[in-house]
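In this text, all values refer to a predicted model and were calculated from it rather than measured experimentally. In what follows, chains carry the letters A, B, and so on, assigned in the order in which the sequence lines appear, proteins first and then strands, with residues in each chain numbered from 1.
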Amino acid sequence: MGDAATGEAIATDALIIGAGPVGLFAVFELGLLDIRAHLVDILPKVGGQCAELYPEKPIYDIPGFPIVTGQALVDNLMKQIEPFAPTFHLGEMVESVESLGTAAAPLYRVTTDAGTVFEAKTVLIAAGGGSFQPKKPPIPGIDAYENESVFYAVRRMDAFRDRSILIVGGGDSALDWTLNLQPIAKRVTLMHRRDEFRAAPHSVEKMRALVAEGAMDLRIGQVTGLRGAGGALEAALCRNDAGETFEIACDRMLPFFGLTMKLGPIAQWGLNLAENLIPVDTEKFETSTPGIFAIGDINAYPGKLKLILSGFHEGALAAQKVHRYVFPEKKLFFQYTTSSSSLQKKLGVAG
Amino acid sequence: MPKITFIDHLGTARTIEGEVGATVMETAVKNGVPEIDAECGGACACATCHVYVDEAWAAAAGTPSSMEEDMLDFAYDVRPNSRLSCQIRITPELDGLVVTTPERQA
Ligand SMILES: Cc1cc2nc3c(=O)[nH]c(=O)nc-3n(C[C@H](O)[C@H](O)[C@H](O)COP(=O)(O)OP(=O)(O)OC[C@H]3O[C@@H](n4cnc5c(N)ncnc54)[C@H](O)[C@@H]3O)c2cc1C
Ligand code: FES
């Protein structure tokens, strides 16, 4: 592995930023043209919006599938691209893209926040609505506490040892961190707006048992304000449904309000942007920077529809131009997967 | 057609004719009512169409399903009369419905 550990860059013909449905299908279209891809996504799983926002909801407009759920579509895509053995780098955010090459022979150095470095001949940005990041509750003045005493993720558990921690939320993240941090914290308080939890039932049971033992607190309500000087949290001001206000003493707070998409570092890569989207041509879906393509929800062109099916088409056309950069000496000719024995060999289905 | 009144967080009221069978969220978005983002387009997957239903209409508007309650966990300043407007379907009985939009959706 060329990565932070060895300091070596991973050389690849194509680097796909974003493992949503469009990034995944691009692996297939590139694969048919003998181009192998690495994919990076900040989420710990593949599937982008389909897997994160609506895994169980039905989609009705995928050609050939009268009905398919978000997760089932992702599972099918993963199966479809298996023959091309893509390499996934999940839980990493692409931070920078620098040019090392020329317009005729592009080469990009791409670095993630985990220190993984790629040297890619082509980059396909399939970043959708941007990277998934934790939602920040609009509590007045919360900015002053962020990364001092208010955190949206736990990077190192030890930073929470012997602390009075307020965890806010009712899903798996809130419950998992409640259970993980409870043994090492001075005191853990879990607060949720109602006495019902979306989290896995066995975690909820464990949490209720700890509350019954007196080992932690559960409060029903919502945080309305924070108290403490210079970013050092002393207490959270709260309110319940009956309108009663109360304070919870704490020096660390972890709010878990789900994820939202933020454009993120893409704005710093020196690309042309129009209203947070990346303009492309509709022949190759290439940006104004040679060798950098944008496909799926992140791109913009006249008539653009933010549909999965449009993103699939865009990936197929982009792959043709990627091929010209990767194999400048080779001529491409058009083939069908139904009838081409060479394509079938690549797919592992040759008779 | 049933009339729906949207009051924004500063108190400005906008009354709009809705269609029976459409959702309150769709009615707002089609008519450019501010303070309703509806990022997910009505799939009960974003909680950015949060409204407070006027007390007088609470019964007629119904109570949230468990899926909607789960999604309301992601909204802010949730109150007993909070609803996701994409989950309120307009019926003739809702003629005159009044909802207030929160200061922030996300
Ligand atoms: C509720 C809902 C219902 C929908 N229903 C339909 C439907 O019925 N039909 C339809 O066609 N479409 C539908 N859509 C839209 C569809 O989901 C999107 O068009 C599709 O997901 C876009 O795919 P994508 O791969 O371009 O981007 P996304 O799915 O947004 O994936 C992009 C990925 O890139 C990652 N990423 C971004 N920046 C970085 C970075 N710097 N580093 C690392 N990773 C990064 C993100 O974390 C994300 O996982 C729906 C959307 C929603 C929310
Ligand atoms: S529009 Fe997204 S939850 Fe209502």
Side-chain angles (χ1 to χ4, degrees), chain A residues 49-61 69-71 128-130 132-140 142 168-175 191-199 220-225 238-243 255-262 297 305-307, chain B residues 8-10 21-23 25-26 29-30 32 34-55 58-59 61-87 89 100-106:
Chain A
Q49 295 175 45
C50 300
E52 180 60 34
L53 298 179
Y54 60 105
E56 260 130 53
K57 299 217 161 84
I59 311 175
Y60 298 100
D61 60 352
T69 63
Q71 189 59 48
F132 275 106
Q133 290 177 7
K135 266 196 202 172
K136 300 180 175 190
I139 300 167
I142 193 166
V168 190
D172 282 318
S173 310
L175 269 285
M191 178 149 72
H192 186 40
R193 70 172 184 95
R194 54 183 179 133
D195 200 6
E196 272 169 68
F197 295 84
R198 303 186 308 282
I220 303 302
Q222 297 172 73
V223 178
T224 56
C238 312
R239 197 184 62 221
N240 64 18
D241 266 3
F256 293 108
F257 281 94
L259 302 177
T260 184
M261 299 192 96
K262 288 263 155 62
D297 278 13
L305 288 178
K306 284 192 186 180
L307 286 177
Chain B
D8 69 22
H9 83 279
L10 296 171
T23 67
M25 178 282 283
E26 288 165 340
V29 169
K30 269 194 203 150
E35 299 185 351
I36 292 197
D37 294 351
E39 277 170 18
C40 79
C44 198
C46 72
T48 63
C49 63
H50 178 201
V51 299
Y52 304 112
V53 173
D54 187 273
E55 299 299 343
T63 47
S65 66
S66 71
M67 179 177 74
E68 185 180 342
E69 279 287 2
D70 283 356
M71 218 47 229
L72 275 168
D73 286 350
F74 298 111
Y76 304 111
D77 195 5
V78 178
R79 301 178 198 162
N81 59 338
S82 283
R83 290 293 309 272
L84 294 176
S85 58
C86 69
Q87 302 300 307
R89 215 162 268 290
T100 305
T101 45
E103 184 174 351
R104 283 194 48 180
Q105 289 287 0

Taking every non-hydrogen pair under 4.5 Å, which of A:G170, A:G129, A:P138 racks up the most with chain B? A:P138

Below 4.5 Å, heavy-atom pairs only: which of A:K135, A:R239, A:E196, A:R194 has the largest tally toward chain B? A:R194

For the student: nearest non-hydrogen atoms of B:F74 and A:F257, plus distance: CD2-O, 3.1 Å

Smallest heavy-atom separation, A:D241 atom then B:V78 atom, equals OD1-O, 4.1 Å

So for [X], is it side chain, backbone, both, or neither that comes closer than 4.5 Å to the heavy atoms of chain A?
X: B:M67; answer: side chain
X: B:E103; answer: neither
X: B:C40; answer: neither

Inter-residue atom distance B:Y76.OH - A:R193.CZ, 0.5 Å rounding: 13.0 Å

Show every donor-acceptor pair shorter than 3.5 Å between a side-chain atom in residues 51-59 of chain A and any protein atom, with sequence neighbours excluded, or say none if there are none.
| from | atom 1 | to | atom 2 | distance (Å) |
| --- | --- | --- | --- | --- |
| A:E52 | OE1 | A:K45 | NZ | 3.0 |
| A:K57 | NZ | B:A43 | O | 2.7 |
| A:K57 | NZ | B:C44 | O | 3.2 |

